[in-house]
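Atoms within a ligand are numbered from 1 in the order they appear, just like the ligands themselves.
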Amino acid sequence: CFLTKEPFLVVDVSKEPKFFPVKSLPETKSELALPLTTRGTTIGVLDVQNNTTNSFNEEDLLTLQVLAEQISVAVENAQLYEKIKHSLDEVRKSQAFFAKIVLESPLATFITDSEGVCILVNQSALYLIGVNNHYNEVIGKYNLLTDPPFANTPLPEAIRKVLKGEVVNLTVDLLIEAQTTKHPKYDMATLKATLFPLVDDFGKVGNIVVKFEDLTEKKVLEDALQQAQKMESIGTLAGGIAHDFNNILGGVLGYTSFIKNQMSKSDPLYRYINIIESSARRAADLTQQLLAFARGGKYRVQTLNINNLIKEAIELVESTIPSSIKLKLAVATEALVVEVDGGQIIQTIVNMCINARDAMPDGGLLNISTSRVTLDEQFTYAHPGSKVGNYVLLRVSDTGTGMTEETKHRIFEPFFTTKKDRKGTGLGLAMVYGIIKNHNGYVDVESEIGVGTTFSIYLPASNKQLEDVKRNTGNLKEGNETILVAEDEDIMRELLIEMLDSGGYQVISAENGQEALNIYHERFDQIDLVILDIDMPELNGKEAFQRFKEINPGVKVLLSSGYSQDGHPQDILNEGVLGFLQKPYGVNDLLDKIRTVMHSN
Ligand SMILES: Nc1ncnc2c1ncn2[C@@H]1O[C@H](COP(=O)(O)OP(=O)(O)OP(=O)(O)O)[C@@H](O)[C@H]1O
Ligand SMILES: [Mg+2]
């Protein structure tokens, strides 16, 4: 019956060879089988049996045929229902999947109708408009064309273009107010928006999709990088100028002090010489600050406790701070050890204190604190230019006027100042920047108008033993030793010879390192001290020093330089040079230094 698709009637099973009894069933004598078919396919058989022979007639067959048809329909319906149910599940799953792509996207996404009213938004979008978790306030209500924060941005205009079928990309700058949570550090969010239309079956724009990518962090990082590059090029420029100025001023200052030493104080010209000297000194101070900015400094590195440097700095500024400003010191009780040029760090602190004072004309709180910190990847990522590691943090904060963004961007530029009437040169923070950078440190500034400013200085923490600091106090004495001078600049060399001569010394001079070396080779037993300029052609100071040591390991050498672009003089000091003469110097500085060196062993 299943195969033939025809009803099959057996009046007496004993006469039917195909029949076989099934043990679990009662005894069968006659049997009627009808096919169950749906759309021409047999899906089963309706089979009735009886325990008497000849028990089914034509009428039974008709009745059962009707029943078989109904069963077939019922089975088909059940199968169809299963199929529909399955595909409905599939549709639901894929709907949920696509909704998830929108809902969980980190890109703030709004889908609106053709009037700009939101019909679907995600969590990031809610964040952006400052209504966290409140879908109900947005769906069917919030309008991208007319509601803040987008109403006054180029976004509505872009939506109108999309309504005409265009795809639009644009950048939107948003002032952050309610939506501060995501960027507590920044007050402007920069968003890249992409808008595209969803066209319906009739070819009309039914919906608009608006996606926002947050570029704020990227922009902040780019700004910081640009800032670092700017400082780098200003540094190169300033360093170059300062280097030349230093040599020129060296001549002016040297000869002035030289004339002054030979002049009687009652001389009518003495007063003018004094003025020339003090003007040149002021110029030299400025040049020094520029040089510090351009990373030429760090000459006397010592292992020091930063807390002591703060105390020294405070002693220097205390008297200039009015009583309306309260000074609060919160330094760590343990020694915070750093390897620094103490003088430069003191200068840095003094500078920041003076700036803080100037920012608080009506009084306030000046807070200085120190602590130990570790900078991790997260910090260095957010602060380009900083490096991972252990640091000593020095903070100077005030409750003063604060700065505008514009000012904050420029404070480290040399000669940038907002102080009127020539009260500031604008070199203070440039110098701080250069000094800290040169110490492999990092400077950060946070400022808010009307609230105050905090400067954070990170200096690499040291594991070394603290050094005893004693300042040299040499006294002026006439000498009669022989000094070999190697200096390539004619004016400086002649000046040096005259200065030494005035101090009673015998002088031999050379125009470069090679010449000096030849002289030393022949006469080293007559030469008590060598003064070497670092930047010389032929054989520079550093190379010459090595060769001098080969001739006489006990050679006494003083190095002099204004600025060295390659290599720090500290390297040479470590190798046994006795001292360093920072150009420009006066005759007294020179003789003083020579005395100290001659008497050291
Ligand atoms: N604590 C602060 N609060 C507010 N503004 C500050 C603060 N520190 C620095 N500034 C701003 O940065 C500018 C530059 O500071 P910087 O120390 O480099 O120069 P200056 O103080 O103006 O002059 P100089 O230090 O050479 O006397 C200042 O003119 C001021 O506008
Ligand atoms: Mg200053």
* To do: I would like to know whether Phe379 and Tyr458 meet ring pair (Phe, Tyr, Trp, His ring centres under 6.0 Å); could you show each step before the answer?
  => CA-CA 12 Å; Phe379 183 94; Tyr458 299 84; 5.5 Å; yes
* **Pair Lys260-Asn274, side-chain hydrogen bond (donor to acceptor under 3.5 Å, both in side chains): steps then yes or no** => CA-CA 8 Å; Lys260 215 173 124 178; Asn274 247 349; 2.9 Å; yes
* Given side-chain hydrogen bond (donor to acceptor under 3.5 Å, both in side chains), test Asn588 with Ser257 step by step and report yes or no. => CA-CA 8 Å; Asn588 294 344; Ser257 64; over 6 Å; no
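The shortest contact between atom 12 (O) of ligand 1 and any protein heavy atom is with Ile411 CG2, 3.0 Å. The closest protein non-hydrogen atom to atom 18 (O) of ligand 1 is Leu429 N, 2.8 Å. The protein atom (non-hydrogen) at minimum distance from atom 19 (O) of ligand 1 is Gly426 CA, 3.3 Å. Nearest protein neighbour of atom 14 (C) of ligand 1, counting heavy atoms only, is Phe416 O, 3.4 Å. The nearest heavy-atom contact from the protein to atom 17 (O) of ligand 1 is Asn355 ND2, 2.8 Å. For atom 20 (P) of ligand 1, the closest heavy atom belonging to the protein is Lys419 NZ, 3.7 Å.
Where the criterion is an N or O separation shorter than 3.5 Å, residue side chain and backbone included, Ala359 fails it with respect to ligand 1. In terms of N/O distances under 3.5 Å, ligand 1 is not approached by Thr401. Between Thr418 and ligand 1, a contact under 3.5 Å exists for at least one N or O pair. Between Met403 and ligand 1, no N or O atom pair is found at a separation short of 3.5 Å. Between Gly424 and ligand 1, no N or O atom pair is found at a separation short of 3.5 Å. Note: no N/O pair closer than 3.5 Å links Gly402 and ligand 1 by distance alone.
More than 12 heavy-atom neighbours from other residues, nucleotides or ligands sit within 6.0 angstrom of NZ on Lys230.
With hydrogens and angles disregarded, a donor-acceptor distance shorter than 3.5 Å links the side chain of Tyr255 to the backbone of Leu495. Between the side chain of Glu543 and the backbone N or O of Asn540 there is at least one donor-acceptor pair closer than 3.5 Å.
Taking 4.5 Å as the limit, some side-chain heavy atom of Ile594 sits within range of a side-chain heavy atom of Ile531. You'll find the side chain of Glu339 reaches within 4.5 Å of the side chain of Thr303, heavy atoms only. At a threshold of 4.5 Å between non-hydrogen side-chain atoms, the residues Phe212 and Leu155 count as touching.
With a 4.0 Å heavy-atom cut-off, ligand 1 is reached by the side chain of Asp398 but not by its N, CA, C or O. Contacts with ligand 1 closer than 4.0 Å are made by side-chain heavy atoms of Thr453 only, the backbone lying farther away. The side chain of Asn351, and not its backbone, has at least one atom closer than 4.0 Å to an atom of ligand 1 (non-hydrogen atoms only; side chain from C-beta on).
Contact check on Lys583 versus Glu489 returns no salt bridge, with no Lys/Arg side-chain nitrogen under 4.0 Å from an Asp/Glu carboxylate oxygen. Between Asp490 and Arg493, at least one side-chain N (NZ, or NE/NH1/NH2) sits under 4.0 Å from a carboxylate O, which counts as a salt bridge.
In summary, an N, O or S atom of Asn355 is located under 2.8 Å from the Mg ion (ligand 2).
Which parts of ligand 1 touch Leu427 is read off a 4.0 Å heavy-atom cut-off, strictly below it: atoms 26 (O).
By heavy-atom distance, the residue among Thr425, Thr454, Thr417 lying nearest atom 24 (P) of ligand 1 is Thr425.
For the pair Gly400 and ligand 1, no heavy-atom separation below 4.0 Å is found. Under a 4.0 angstrom heavy-atom cut-off, Phe455 registers as being in contact with ligand 1.
From Leu459, atom CG reaches atom CG of Leu336 across 10.5 Å, with rounding to the nearest 0.5 Å.
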